[in-house]
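Taking it in order: structure first as structure tokens, then the write-up.
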Amino acid sequence: MNPIAVGIHDLSLAATHYFLDLAVLAERSGVDVDKYYLGLGQELMSVPAADEDIVTMAAAAAQPILERHGTEGLRTVLFATESGVDQSKAAGLFLHPLLGLPHDCRVVELKQACYGGTAALQFAAALVARDPQQRVLVIASDIAKYQPDSPGEPTQGAAAVAMLVTADPAILALDAVSGIYSEDIMDFWRPNHRTTALVDGKLSIEAYLRASLGAWEDYRRRGGLALTEFAAFCYHQPFTKMAYKAHRNLLQANGFNPSSADLDAALLATTTYNRLLGNSYTASVYVALAALLDSTTDLTARPIAFLSYGSGNVAEFFSGRVVSGYRDQLRTVANAEMLAHRKPITFDRYRELPDALRAAVGNLVSPRESEGAFRIAAIRDDKRIYEVVLH
Ligand code: CAA
């Protein structure tokens, strides 16, 4: 008997109200803009308004999925983030009143740096394989923040991805085989008392490369496809050039000598959204998938490779096959509008925006700044108060 196909049935993205052009950051920092545009492969970064956070982005990403598919059979919501808003309560519980989630549905938050979204996807697939009637909502939502004036500042960003994981999926059927690599390494971390991440930049790049090779070798040992079989490679993209570094490294380790054109053929279509959003941590590899699927190439029945990396670290190499008719399910127009409708933020406003939404401040009222359907209105007695904005 063939195992039942399980995978991504729907995929939706959301970003923030603002973006900052890295040309502005370069000018203020006295850096040649090509270091960012070409050297890092980043052009813009998403910046949340004062009344946005990972919950408002998650709600905006998940709402279109629930509108299209309803909540029947939805038994689990897995919310992956490394910019959590509470040390105890799962961020997904705030979605109940915002989205009308059912009460007979478990809600859990997952954390392992940028890898958390992939852990959620794999756990979701296992739940659906056990009971194909069930559907799982996977959400990956993050705001990447580093110390101002640090080398990490141009690699900030924000976005959320929501995915409905089901049996007989309409977009991508996941392969059962996957390869994993994990080790204890201090390449990037955020202690509980900090709102910005700490990072050893060069070590983090080396760690990413080593972990990707380790995950790839495990994938192959377990019977995964050969490198030449994939139509494209979706990497975690802290900055889009990282995908190029990792893919070149993977190909060279396997005896290939790729040209720039070879690398572009495997990667370019996966980078177009991340280049404009910046690092979205847990969401980034699935933002890469959305950009690839929205591109003009017909990927029907083609295998796609994924490399998910979370500092600290865990990497997973896995694969999936694009389902016939997938284009009918895509949100290509909505994704283009989401990117186009963000507003430019001035450098001064970007630098003065409060980080209060991530720090426990007791009480705070957020004036209306964003224009989306969901906002955080206040923190009262350390309780977060979200609201739906009627348009
Ligand atoms: N024109 C064109 N290219 C230029 C240039 C110019 N004028 N000036 C510099 N460059 C190039 C450099 O040659 C370099 O390219 P290569 O890496 O191909 O050599 C690139 O621009 C970046 O320059 P530097 O290495 O000098 O940059 P940096 O040291 O200031 O910072 C960074 C780079 C370490 C990535 C830093 O941005 C950082 O710490 N970012 C956060 C950590 C991170 O993203 N790590 C990635 C792996 S960890 C991970 O993936 C998890 C996660 O999400 C954080």
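These values consider heavy atoms only, across backbone and side chains, with no hydrogens, waters or symmetry-generated copies. Ligands are counted one by one from 1 in listed order, and the atoms in each one are counted from 1 as well. Numbering of residues begins at 1 and proceeds along the displayed sequence.
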Query - Listed partners of Arg331 passing salt bridge (charged side-chain N to carboxylate O under 4.0 Å, His left out), at least two apart - result: Asp10

Query - By salt bridge (charged side-chain N to carboxylate O under 4.0 Å, His left out) - contacts of Arg135 (at least two apart) - result: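 Result, salt bridge (charged side-chain N to carboxylate O under 4.0 Å, His left out) vs Arg135: none returned.
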
Which protein N or O atoms sit under 3.5 Å from any N or O of ligand 1? Give each pair with its distance.
| residue | atom | partner | partner atom | Å |
| --- | --- | --- | --- | --- |
| ligand 1 | 7 (N) | Asp32 | OD2 | 3.0 |
| ligand 1 | 17 (O) | Lys245 | NZ | 2.4 |
| ligand 1 | 18 (O) | Lys245 | NZ | 3.3 |
| ligand 1 | 25 (O) | Lys202 | NZ | 2.6 |
| ligand 1 | 27 (O) | Lys35 | NZ | 3.4 |
| ligand 1 | 29 (O) | Lys202 | NZ | 3.1 |
| ligand 1 | 30 (O) | Lys35 | NZ | 2.7 |
| ligand 1 | 37 (O) | Pro151 | O | 2.8 |
| ligand 1 | 40 (N) | Thr155 | OG1 | 3.3 |
| ligand 1 | 45 (N) | Ser204 | OG | 2.8 |
| ligand 1 | 50 (O) | His236 | NE2 | 3.3 |
| ligand 1 | 53 (O) | His236 | NE2 | 2.8 |
| ligand 1 | 53 (O) | Asn279 | ND2 | 2.9 |

Query - Any donor-acceptor N or O pair under 3.5 Å, side chains Asp294, Thr332 - result: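 Yes, Thr332 and Asp294 have a side-chain donor paired with an acceptor closer than 3.5 Å.
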
Query raised in the report: Do Glu153 and Arg28 meet the salt-bridge criterion of a basic N to acidic O distance under 4.0 Å?
Result: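 No, no charged N to carboxylate O under 4.0 Å.
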
Query - Geometric class of the His69/His9 ring pair [parallel <30°, tilted 30-60°, perpendicular >60°] - result: tilted

Requested in this report: Please list, chain by chain and in numerical order, all residues satisfying ring-ring contact (aromatic ring centres under 6.0 Å, His included) with Phe94, sequence neighbours excluded.
Outcome: Tyr386

